[in-house]
Amino acid sequence: MRLQGKVAVVTGAGYGNGRGIAIRFAEEGAALVVADINEKTAGETAAMIAELGQRAIVVKMDVSKKSDMDSTIERCVAEFGRLDIMVNNAGVITGTFTGDNLDAANLGGAEMPLFLALSESDWDRVIDINLKGTFLGAQAAARQMIQAGQGGKIINFTSMFADVCDHGVSDYCASKAAIRMLTKCLALELARYKINVNAIAPGTIETAINRDYLSNPANREKNLEMIPWGRFGEPRDVANLALYLASDESDYMTGSSVLIDAGYTLR
């Protein structure tokens with residue numbers, strides 16, 4: 001059991017990568033705080049963890065609110081007495097990428113660049129949840145870890161879209177590139193406290209965030225052609241990497257952003 005006796009908070013743990021990570025950590029002995037804005041799906045994740053014989057509590061929270069983040073960490077310590085691992089997984093993607101904002105916009109008779117169709121509210125939502133949420137989660141966790149004096153692991157989520165771009169995801173790419181640099185800065189500042197800060201940069205993983213997009217056969221085929229390994233990723237793939245970053249095996253690793261994209265960005 002690589003995480004026996006450890007306690008982890010996973011944001012966005014109600015589905016997808018967050019759920020996969022929470023379950024994988026539980027399999028390795030960790031107790032979990034299952035944090036998500038959707039209390040129902042978070043409860044489903046917690047029930048799966050209970051079936052593995054591990055403890056889990058559900059916290060309904062909005063990662064973009066400091067009060068929610070701080071109270072989640074406080075609840076973790078009150079319930080389990082410690083915090084060892086913080087996974088800042090919660091994230092959203094813009095509506096332009098999923099097709100919500102593509103209605104017949106044109107500019108001088110030509111198709112409008114999707115950047116011009118991006119609303120201020122969409123931009124704010126993506127930046128608030130992805131970037132601000134990661135900052136708030138890392139800050140609250142680090143404060144507790146420093147106070148406890150036992151080190152810890154902080155795992156952020158960037159993306160292959162910190163390195164490559166596509167139409168309609170300028171806000172998402174910007175948020176994920178910023179998280180990569182935030183991870184480096186935090187790793188530098190927190191190293192003396194023996195707090196490792198690393199990031200996971202997934203490629204195309206089949207989760208709820210891209211379900212609608214990949215349900216289009218043309219989109220699915222186009223994306224598969226870009227993956228040398230020949231398949232989409234699964235939450236379990238990401239969870240296995242998160243387990244390594246959460247375990248003692250990664251103690252000499254900090255400030256890294258690890259691509260897990262089956263070679264997509266090689267193309």
Side-chain angles (χ1 to χ4, degrees), residues 1-63 65 67-91 133-134 136-157 193-198 200 207-208 234-251:
M1 291 272 200
R2 294 155 78 182
L3 301 181
Q4 187 68 46
K6 303 291 187 181
V7 177
V9 173
V10 182
T11 69
Y15 67 96
N17 289 329
R19 173 176 286 178
I21 290 168
I23 290 171
R24 190 73 185 92
F25 283 9
E27 289 174 345
E28 293 290 332
L32 273 298
V33 175
V34 180
D36 202 289
I37 199 165
N38 188 325
E39 194 169 16
K40 179 178 181 295
T41 57
E44 293 168 356
T45 301
M48 296 174 188
I49 291 169
E51 289 178 0
L52 296 170
Q54 299 296 340
R55 292 181 62 197
I57 61 170
V58 173
V59 176
K60 181 179 181 179
M61 55 97 75
D62 179 344
V63 296
K65 296 184 184 301
S67 57
D68 279 17
M69 191 64 77
D70 289 346
S71 64
T72 296
I73 301 304
E74 291 169 5
R75 175 85 186 279
C76 173
V77 176
E79 196 76 29
F80 297 112
R82 59 189 295 146
L83 170 64
D84 302 288
I85 305 155
M86 180 72 187
V87 182
N88 293 305
N89 161 77
T134 298
L136 291 175
Q139 186 181 64
R143 185 176 287 116
Q144 170 57 39
M145 290 172 179
I146 290 171
Q147 181 179 334
Q150 297 177 339
K153 308 278 187 171
I154 296 175
I155 302 170
N156 298 329
F157 264 73
Y193 301 104
K194 298 298 183 283
I195 298 172
N196 303 73
V197 189
N198 292 292
I200 295 174
T207 66
E234 301 173 356
R236 185 81 174 184
D237 296 314
V238 176
N240 285 331
L241 174 56
L243 173 61
Y244 169 71
L245 294 176
S247 73
D248 294 342
E249 296 164 16
S250 65
D251 278 357

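Taking CG of L136 as the reference point, atom CG of D62 lies at 9.5 Å (rounded to 0.5 Å). Remark: T134 OG1 to N156 CG distance equals 5.5 Å, nearest 0.5 Å. Going from atom NZ of K6 over to atom CG of D84 covers 5.0 Å, rounded to the nearest 0.5 Å. Here the straight-line distance linking atom CE of M61 with atom OG of S67 works out to 9.5 Å at 0.5 Å rounding. Interatomic distance, CD of Q144 versus CG of L83, reported as 6.0 Å (0.5 Å rounding). A distance of 12.5 Å separates OH in Y193 from CD in Q147, rounded to the nearest 0.5 Å.
For the pairing with M86, the side chain to side chain contact (heavy atoms under 4.5 Å, CB included) check across V33, I73, T72 returns one residue only, I73.
Side-chain contact between L32 and Q54: absent, with no pair of heavy atoms (C-beta onward) separated by less than 4.5 Å. Residues V87 and F157 have side chains in contact (heavy-atom distance under 4.5 Å, counting atoms from C-beta outward). Between I85 and L3, some side-chain heavy-atom pair lies under the 4.5 Å cut-off.
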CA sep, side-chain torsions, deciding dist, call: K153, D248, salt bridge (charged side-chain N to carboxylate O under 4.0 Å, His left out): CA-CA 9 Å; K153 308 278 187 171; D248 294 342; 5.4 Å; no
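In plain terms, the two heavy atoms of V34 and A13 that are nearest each other are CG1-CB, 3.6 Å. Closest of all the heavy-atom pairs between R55 and F80 is CZ-CE2, 3.6 Å. In this structure, D36 and G14 approach most closely via the heavy-atom pair OD2-N, 2.8 Å. Closest heavy-atom contact between A90 and G12: CB-N, 3.8 Å. Heavy-atom minimum distance, G20 versus P235: CA-CB, 4.4 Å. Considering every non-hydrogen atom in both N88 and G133, the closest pair reads OD1-O, 4.3 Å.
Between the side chain of N89 and the backbone N or O of V10, no donor-acceptor pair lies under 3.5 Å. Without hydrogens or angle criteria, N198 side chain to I155 main chain gives no donor-acceptor distance under 3.5 Å. With N196 contributing its side chain and D251 its backbone, the two residues share a donor-acceptor pair below 3.5 Å.
Sorted by first and then second residue, the side chain to side chain donor-acceptor pair (under 3.5 Å) pairs involving residues 7-26 (not counting sequence neighbours) are R19-E44, R19-T45, R24-E27, R24-E28, R24-N240.
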